[in-house]
Protein chains: 2
Amino acid sequence: MESKLQQNKKIEMFYQRSKEHGMKITPQRTAIYEELLKAKDHPTADDIYKRIVKKIPNISFDTVNRTLLTFSKIGITNVVEGYGQAKRYDPDMDIHHHFRCIHCGSIIDFHSSEFDNITVPDEISKQFTVISKKVVLEGLCSKCRKG
Amino acid sequence: MESKLQQNKKIEMFYQRSKEHGMKITPQRTAIYEELLKAKDHPTADDIYKRIVKKIPNISFDTVNRTLLTFSKIGITNVVEGYGQAKRYDPDMDIHHHFRCIHCGSIIDFHSSEFDNITVPDEISKQFTVISKKVVLEGLCSKCRKG
DNA sequence: AACTATATAGTAATTATTCTTAATTGTCAA
DNA sequence: TTGACAATTAAGAATAATTACTATATAGTT
């Protein structure tokens with residue numbers, strides 16, 4: 001469970017980044033970001049829209065979708081790797097890794113300093129500029145392996 | 001460059017898997033699989049369709065799409081992690097890892113026994129059944145880092 | 001309070017995927 | 001080799017996801 005303090009720190013970061021990029025802080029954007037922070041399930045734009053429309057009934061899906069893309073552009077959320085389905089967003093910007101259930105598709109975050117510190121093969125680091133390293137595990141989650 | 005022999009082995013595997021799953025070997029399916037094997041670029045269903053329609057002009061996109069999904073279901077291709085764009089297919093079923101260019105979106109395969117052998121944290125292996133482990137690196141490819 | 005660049009709602013268009021149907025085809029067993 | 005049957009196909013249409021457009025509204029600043 002995340003503390004209220006950490007949440008506030010993230011909101012601060014959100015304000016700061018927005019200003020840095022000359023972006024306006026609008027009620028919609030704030031609501032979208034808060035909804036993202038609350039979400040524990042790597043939601044799609046449509047998920048967020050459905051949750052937020054209860055509070056701001058006349059918000060448009062386009063705003064939500066565009067805003068989420070903007071967020072990931074300025075680095076306050078990540079787009080999570082998926083498999084050709086709708087994009088999934090992840091507000092956790094700390095280094096972390098993913099376990100994905102091949103049956104139900106749910107994605108579980110986990111931390112591992114060993115995985116954080118894997119060393120990139122020379123073959124790759126010579127040719128390319130590596131910005132992020134992430135391990136993706138796949139298999140069956142606890143619910144699905146009972147089936 | 002892959003040898004003709006290895007290609008034939010893969011075709012054999014394709015026939016075998018198809019029979020195992022009670023699937024028919026049709027000219028369309030064979031052509032789709034051959035096209036996949038030739039591809040070095042993790043193509044989308046649409047890519048494959050565009051290439052194959054030159055040889056089988058009246059094949060439908062639906063057939064290509066459905067066949068690719070079937071292939072990944074019976075384990076003769078993989079769907080590669082992406083970011084909410086079209087699905088991308090990968091005929092290489094050996095263990096390997098991906099580098100993805102965040103600028104142009106191209107995906108480069110690479111091998112690394114270190115990455116193959118990373119050990120899954122207890123936290124995860126206790127709760128879940130891990131079937132595959134993959135490292136996804138992100139950054140700029142050689143072309144894009146000049147921009 | 002006014003100005004201005006940016007953001008919004010609403011709508012429309014585009015792209016990707018899946019479904020439905022009737023006709024066709026591969027496979028297997030006689 | 002042939003016939004029967006179940007699987008597969010093409011084609012069109014439906015659905016889902018994404019992106020684009022524009023007149024209006026708003027945040028942030030003066």
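Throughout, a chain's letter reflects where its sequence line sits, starting with A, and its residues are numbered from 1.
- A/D116 and A/H96 share no donor-acceptor pair across their side chains, judged by distance under 3.5 Å alone.
- Contact annotation: A/T63 reaches the phosphate of C/dA9 (side-chain N/O to OP1 or OP2, under 4.0 Å).
- Applying the side-chain hydrogen bond (donor to acceptor under 3.5 Å, both in side chains) rule to pairs touching residues 121-131 of chain B yields A/R145-B/T129, sequence neighbours excluded.
- For the pair B/I59 CD1 and D/dT9 P, the interatomic distance rounds to 8 Å; values are reported in whole Å.
- One atom, NE2 of B/H21, and another, C1' of D/dA6, lie 17 Å apart when rounded to the nearest Å.
- Evaluation of the ring pair (Phe, Tyr, Trp, His ring centres under 6.0 Å) rule for A/F61 yields A/Y49 as partners, not counting sequence neighbours.
- Taking atom OH of residue B/Y33 and atom P of nucleotide D/dT8, one finds them 17 Å apart after rounding to whole Å.
- In this structure B/S18 satisfies the side-chain hydrogen bond (donor to acceptor under 3.5 Å, both in side chains) test with no other residue, sequence neighbours excluded.
- The CD1 atom of B/I56 sits 16 Å away from the P atom of D/dT8 (whole-angstrom rounding).
- Taking B/K55 as the reference, B/E35 meet the side-chain hydrogen bond (donor to acceptor under 3.5 Å, both in side chains) condition, with sequence neighbours excluded.
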Inset, instruction - Sugar-phosphate atoms are those with a prime plus P, OP1 and OP2; base atoms are the rest. Using that split, label each nucleotide of nucleotides 17-30 of chain D B, S or - for protein heavy atoms under 4.0 Å, 5' to 3'. - result: SBBBB----BBS--
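- Counting only residues at least two apart or in different chains, salt bridge (Lys or Arg N to Asp or Glu O under 4.0 Å) contacts with residues 90-101 of chain A comprise A/R100-A/E138.
- Listed by chain and residue number, nothing satisfies the salt bridge (charged side-chain N to carboxylate O under 4.0 Å, His left out) test with A/K133 (two or more places apart in sequence, or in another chain).
- Scored by the side-chain contact (heavy atoms from CB on, under 4.5 Å) test, B/D62 finds B/S60, B/R66 as partners (sequence neighbours excluded).
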Inset, instruction - Would you check, one step at a time, whether the test side chain to side chain contact (heavy atoms under 4.5 Å, CB included) holds for A/K134 with B/V135? - result: CA-CA 6 Å; A/K134 198 188 289 190; B/V135 177; over 6 Å; no
Can you give the donor-acceptor pairs under 3.5 Å from side chains of residues 25-33 of chain A to other protein atoms, not counting sequence neighbours?
{"from": "A/T26", "atom 1": "OG1", "to": "A/R29", "atom 2": "N", "distance (Å)": "3.1"}
{"from": "A/R29", "atom 1": "NH1", "to": "A/K24", "atom 2": "O", "distance (Å)": "3.1"}
{"from": "A/T30", "atom 1": "OG1", "to": "A/T26", "atom 2": "O", "distance (Å)": "2.9"}

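- When rounded to the nearest whole Å, the span between CD of B/Q28 and C1' of C/dA23 equals 13 Å.
- One can place CZ of B/F71 at 12 Å from C1' of D/dT8, the figure rounded to the nearest angstrom.
- Rounded to 10 degrees, the angle separating the terminal axes of the helix from C/dA1-D/dT30 to C/dA30-D/dT1 is 40°, with each axis obtained from five end pairs.
- The side-chain hydrogen bond (donor to acceptor under 3.5 Å, both in side chains) test applied to A/R88 returns no partner, not counting sequence neighbours.
- If you check residues 74-81 of chain A against DNA chain D, you find no residue with a heavy atom closer than 4.0 Å.
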